[in-house]
Amino acid sequence: MDRYDPIRIEAKWQARWEADRLYEAKDFDPRPKFYFLTMFPYPSGDLHIGHWYAMAPSDAAARYKRMQGYNVLFPIGFDAFGLPAENAAIQHGIHPYRWTMDNIARMRAQLRAMGAMWDWSREIITCDPEYYRWNQWFFLKMYERGLAYRALAPVDWCPRDNTTLAREQVVGEERVCERCGTPVVKKNLEQWFLRITAYAEELLDFSGIDWPERVRTLQENWIGRSRGVEFDLSVKDHPGVAFRVFTTRPDTVYGMTFAVLAPEHPLVDRLTTPDRRAEVEAYKYKAARESDVERLSTERERDGVFIGAYAVNPMNGEPVPIFVADYVLLTYGAGAIQGVPAHDQRDFEFARKYGLPIRVVVAPPGWTGAPLPAAYLDEGTMVNSGPFDGLPSSVAWERIADYMEETGIGRRAVHYRLHDWLISRQRYWGTPIPIIYCPHCGTVPVPESDLPVVLPMDAEFLPTGESPLKRHEGFRRTRCPRCGREAERETDTMDTFVDSSWYQYRYLSPRYREGPFDPRVGAYWLPVDQYTGGIEHAVMHLLYTRFWTKVMRDLGLVTFSEPMLRLFNQGVILGEDGEKMSKSRGNVVNPDDFVRTLGADTVRAYLMFIGPWEGGGPWNSRGIDGVHRFLHRVWNLVVGTATPAGRGDAGAETAASEPEPMPLRHWTHRTIKKVTEDLEGFHFNTAIAALMEFTNYLYQVRARYAGTPAWREAIRSLVLMLAPLTPHIAEELWERLGEPYSVHTQAWPSYDPALARAPTITLVLQVDGKVRDRVQVPADLTEAQARELALSNEKVRRFLDGREVADVIVVPGRLVNVVTR
RNA sequence: GCGGAAGUGGCGGAACUGGCAGACGCGCAGGCCUCAGGAGCCUGUGGGGGCGACCCCGUGGGGGUUCAAAUCCCUCCUUCCGCACCA
């Protein structure tokens, strides 16, 4: 007997597919195109089960699209810059390039074992100078347009990785480094930024793309748009001196009883009176020293110090005391606020602590004038607000804003939580920023013709934490492209998120020399139709790549504004204990072990069967056996060598001699319908369940149908439907059926809707909503017939027990509910 | 605190637009086959009651709408994720 031997057939077909270049996508093919992209891996060294979970289902989906008649581009590459390579260099003396390329070689072999339809001819590796030269090119284009700039700014610094971090890379309440978990510290440094905030408004617009609500919400929250009013407060006894405040509640301006400056605010020194100076200085010192952890502690009492000066409310000329307090941040809004304790919880607590007046200006319904127990934040009626009294506060919001604009007191303004993207990294293993500092000419961009600025291979890697480029004289010292005199290169490299912000374009023409991608090829494939990857990139990669595409549009490189039309986020695969896989927990599942014993098809199918793709979930080593058994059963069924012996077969005959459940062709077509719909929606788990059911059914009726055309249709369909999910076994069985190579270039089976519809249905008979009987009836039973059937049914009558029938609900094709009084 | 998602057998999960709860698989129990394979076959398996035909209960808790609720509404609880002094 010829048993299912996954190891042998998988090796065989992988070699054949590669030799035949079965998966190379053709540009300009007349079929409709479909660009299916999965987030490319970082070459950490080994392909882990998480990679499989991200990639095997996406391969199945891409294969399905191909069988649906699309010309599918399904590329793969490596996100090859980053810290681990540099750390390996420091710890083990291996050059980051060597380390990275060795890992890539190993991972390529592991990826091939998956049997995916990647087009390896388009592989990209971001640490290749021919790749990162375009990072530099983009940077120069942005620099020309003022979208890349250098600024002295307080930046987040990871003391362990010895580098700055983008705001998005600082995570959690503890404000730790996204990569290593070390608490970050603030440093004041000259760094390069990309002006993503120029696109803040546009990035809030998701029209035209079908992205998960979750990602949209995360991005919206991250961008953090606030609409409000900015106005200036003049300072009493300081003619000509004023500071700006921003508020989202201009309707509460008459309720201002104090003002607050951020401790770092530039006016603090100037306005502080001599008698307050010592206290203010002490407070500033304290605020500066406090770590962010302390400063953000939720239980912490709000505090501040009066600086001795008074600000004048522009609406009523009333002076209010000015404080410094660290609950006001220099980095948001204007770095100063109006203190309205009656209508802001923080101001309320502050006013209580320092005995400041709490003046209600938006009255809650039924307010009697009594003090409020907490800040009142909702809509109300204006009081104590001069000409605006009596208006609903939402109306007053607009009227006061209008008034401020008309009189020049202030203007409407929008602020964002989003900051510009800090891209400077004080590390070696990244794209050099193509800038030269000349003592005579200043900051000079490297001319395009001099690109790429190549990383020197002979850098030294020492555990000092200092960037190797900074100490590399040959790299650092250069000549000014403008005046030719001695100058210095920028030694910082770019955040690796730059690499992944536009990689989808490089896949189109990875060896193109005239630009980041060939526009002719781009016109055919772009944009990406389907993108898949983890949710962890919601506010970093996925925001950056949208930004990048908008910049590319404004540079005239593309004609659209969004890089990926549809996005799907798969879940996370957990260890057997239900916890996140980690070496320290010892719950890491190595896919290679299972591939070696059960085969790649089983691993693929199991990962898809485990549950909804978006849900992730725990790995179960027993569960995978069930899927493996299923493939065995399919094999035996199709090859026709299911064990014919003994009582097992007798049992099968027993099953087959029972009343026929449904005709074979109906089962075939309804399974095709179900699997088609499931794959369309990435519901791999239920698609596989349907194929299991179908297989179980085929075993039951095999004796009756074997050899008939309907049987052949069923078996062919089964193999075709397995092709995207388990490509190797499908190819082998397809060949054994005598069908032409390759199963993967066949059309997806179509179904006849009439056949997919059940010829008979189970009609449920209920009395007062409780199921009392089930009867098999023709699917086209009329409503009247169903009603008749129910009322004459013996069990229904028994449960009616002579009671009066009040109503009979008939749901055609489903049930009849007899309702008693 | 704010925003989002979710709670279904011993486990992973299924259930169209409100219409048979628990598909499929794991596990478990019993039986079979086999010179033993990462082979296969059959039966049973939500809880409780009954010799049985059958009956009752059951989708986090409580309440509601409805002929009918896992599904809709209110409320509470729990878990996960994100943001968190953003003015």
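Convention: sequence-line order gives letters A, B, ...; per-chain numbering from 1.
- OP1 or OP2 of B:G38 has not a single side-chain nitrogen or oxygen of A:H628 nearer than 4.0 Å.
- Atom CD of A:E677 is separated from atom P of B:A15 by 12 Å (rounded to the nearest Å).
- Residue A:H632 places its side chain closer to B:G38 than to any other of B:G38, B:G13, B:C81.
- Distance noted for atom C1' between B:G22 and B:G7: 16 Å (whole Å).
- Using a 4.0 Å heavy-atom criterion, one finds that A:D807 contacts no nucleic acid atom at all.
- In this entry B:U45 has B:G27 as its Watson-Crick or G-U wobble partner, both defining distances falling under 3.5 Å.
- Here A:V777 pairs with A:I761, A:L763, A:V775, A:L781, A:L789 under the side-chain contact (heavy atoms from CB on, under 4.5 Å) rule; sequence neighbours left out.
- If you take atom C1' in B:G60 and the same atom in B:U71, they sit 15 Å apart, rounded to whole Å.
- Residue A:F609 contributes atom CZ, which lies 10 Å from atom P of B:A14 at whole-angstrom precision.
- The 12-atom threshold is exceeded at CZ of A:R412, counting heavy atoms of other residues, nucleotides or ligands nearer than 6.0 Å.
- Atom P of nucleotide B:G25 and atom OH of A:Y606 are separated by 14 Å, given to the nearest angstrom.
- Dashed line: the shortest gap from a side-chain N or O of A:T331 to OP1 or OP2 of B:C86 is not under 4.0 Å.
- Between B:C32 and B:C81, the two P atoms lie 50 Å apart (nearest whole Å).
- A:P618 comes within 4.0 angstrom of no nucleic acid atom, judged by non-hydrogen atoms across all strands.
- A:H265 pairs by the ring pair (Phe, Tyr, Trp, His ring centres under 6.0 Å) definition with nothing, not counting sequence neighbours.
- Partner assigned to B:C20 is none, using Watson-Crick or G-U wobble distances below 3.5 angstrom.
- Within the 6.0 Å centre-distance limit, the rings of A:F350 and A:F323 are counted as a close aromatic pair.
- A residue-by-residue look at A:E213 and A:D768 shows that A:E213 has its nearest nucleotide of RNA chain B further toward the 5' end.
- For the residue pair A:E804 and A:T820, no side-chain donor N or O sits within less than 3.5 Å of a side-chain acceptor on the partner.
- Of the residues in residues 678-693 of chain A, those lying under 4.0 Å from RNA chain B by heavy-atom distance are A:N685, A:T686, A:A689, A:M692, A:E693.
- Among the atoms of the strands shown, base atoms are found under 4.0 Å from some heavy atom of A:R814.
- A cation-pi arrangement, defined by a distance under 6.0 Å to the six-membered ring centre and an angle within 45 degrees of its axis, is absent between A:R604 and A:W52.
- With both ends at atom C1', the span from B:G58 to B:A69 equals 14 Å, rounded to whole Å.
- A:Y544 and A:E168 are linked by a side-chain donor-acceptor pair at a separation below 3.5 angstrom, with hydrogens and angles left out of the test.
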Can you give me the N/O atom pairs linking the protein to nucleotides 7-9 of chain B at distances under 3.5 Å, or say none if there are none?
none

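- In this entry the distance linking CG of A:D625 with P of B:C28 reads 11 Å, nearest Å.
- Across the strands present, B:U71 finds no partner; the criterion is a Watson-Crick or G-U wobble pair with both atom distances under 3.5 angstrom.
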Audit row: A:E536, A:H541, side-chain hydrogen bond (donor to acceptor under 3.5 Å, both in side chains) steps and yes/no: CA-CA 9 Å; A:E536 67 273 18; A:H541 165 58; over 6 Å; no

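- Checked against side-chain hydrogen bond (donor to acceptor under 3.5 Å, both in side chains), A:T686 has the following partners two or more places apart in sequence or in another chain: A:D678.
- Residue A:R629 places at least one side-chain N or O under 4.0 Å from the OP1 or OP2 atom of B:G27.
- With hydrogens and angles left out, the side-chain atoms of A:H628 and A:T602 include a donor and acceptor closer than 3.5 Å.
- B:C56 and B:G64 have their C1' atoms separated by 24 Å, given to the nearest Å.
- Taking atom P in both B:C77 and B:G62, the straight-line distance is 15 Å, to the nearest Å.
- Counting non-hydrogen atoms under 4.0 angstrom, A:Q766 reaches a base of the nucleic acid.
- Nucleotides B:C72 and B:A6 are separated by 10 Å at their P atoms, to the nearest Å.
- Across all strands shown, B:A39 has no partner, as no Watson-Crick or G-U wobble contact with both distances under 3.5 Å is found.
- Look at CZ on A:R346: it is 14 Å from P on B:C2, rounded to the nearest Å.
- Contact annotation: A:R774 side-chain N/O to B:C20 OP1/OP2 distance is not under 4.0 Å.
- Between A:D344 atom CG and B:G1 atom C1' there is a gap of 13 Å when expressed in whole angstrom units.
- For A:L815, the side-chain atoms get nearest to B:G19 when compared with the rest of B:A87, B:G19, B:G38.
- Along RNA chain B, the nucleotide nearest A:V171 and the nucleotide nearest A:D347 are compared for position; the residue whose nucleotide lies closer to the 5' end is A:V171.
- Residue A:R167 is in base contact, counting any heavy-atom pair closer than 4.0 Å across all strands shown.
- Among the protein residues, A:I610 comes within range of the sugar-phosphate backbone only, with heavy atoms under 4.0 Å from sugar or phosphate atoms but none that close to a base.
- Of the side-chain N and O atoms in A:H419, none sit less than 4.0 angstrom from OP1 or OP2 of B:C86.
- One atom, CD1 of A:I809, and another, P of B:C67, lie 7 Å apart when rounded to the nearest Å.
- Anti is the glycosidic conformation of B:G61, whose angle departs from 0 by more than 90°.
- A side-chain donor from one of A:Y283 and A:D303 sits under 3.5 Å from a side-chain acceptor of the other.
- A donor-acceptor contact under 3.5 angstrom links the side-chain atoms of A:N817 to the base of B:C67.
- Taking the six-membered ring where the residue is Trp, the centroids of A:F594 and A:W619 are separated by under 6.0 Å.
- When the P atom of B:G40 is taken as reference, atom OH of A:Y699 falls 8 Å away, rounded to whole Å.
- Residues A:V818 and A:Q766 have side chains not in contact (no heavy-atom distance under 4.5 Å, counting atoms from C-beta outward).
- Distance from the side chain of A:V819 is smallest for B:C67 among the nucleotides B:C20, B:G19, B:C67.
- OP1 and OP2 of B:A5 both lie 4.0 Å or more from every side-chain N or O belonging to A:R214.
- Around CZ of A:R225, the count of heavy atoms belonging to other residues, nucleotides or ligands within 6.0 Å exceeds 12.
- Stacking of A:R772 on the aromatic ring of A:F799 is recorded, both the 6.0 Å distance cut-off and the 45° axial limit being met.
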Nucleotides 50-58 of chain B: protein proximity per nucleotide (B base, S sugar-phosphate only, - neither; heavy atom, under 4.0 Å): ----SSSS-

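- For B:G25, the OP1/OP2 oxygens have a side-chain nitrogen or oxygen of A:N696 closer than 4.0 Å.
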Step-by-step side chain to side chain contact (heavy atoms under 4.5 Å, CB included) determination, A:D347 to A:Y327: CA-CA 10 Å; A:D347 295 348; A:Y327 79 90; 2.7 Å; yes

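- Pairing of B:G1, defined by two Watson-Crick or G-U wobble distances under 3.5 Å, is identified with B:C83.
- A distance of about 16 Å separates the P atoms of B:U59 and B:G46, rounded to the whole Å.
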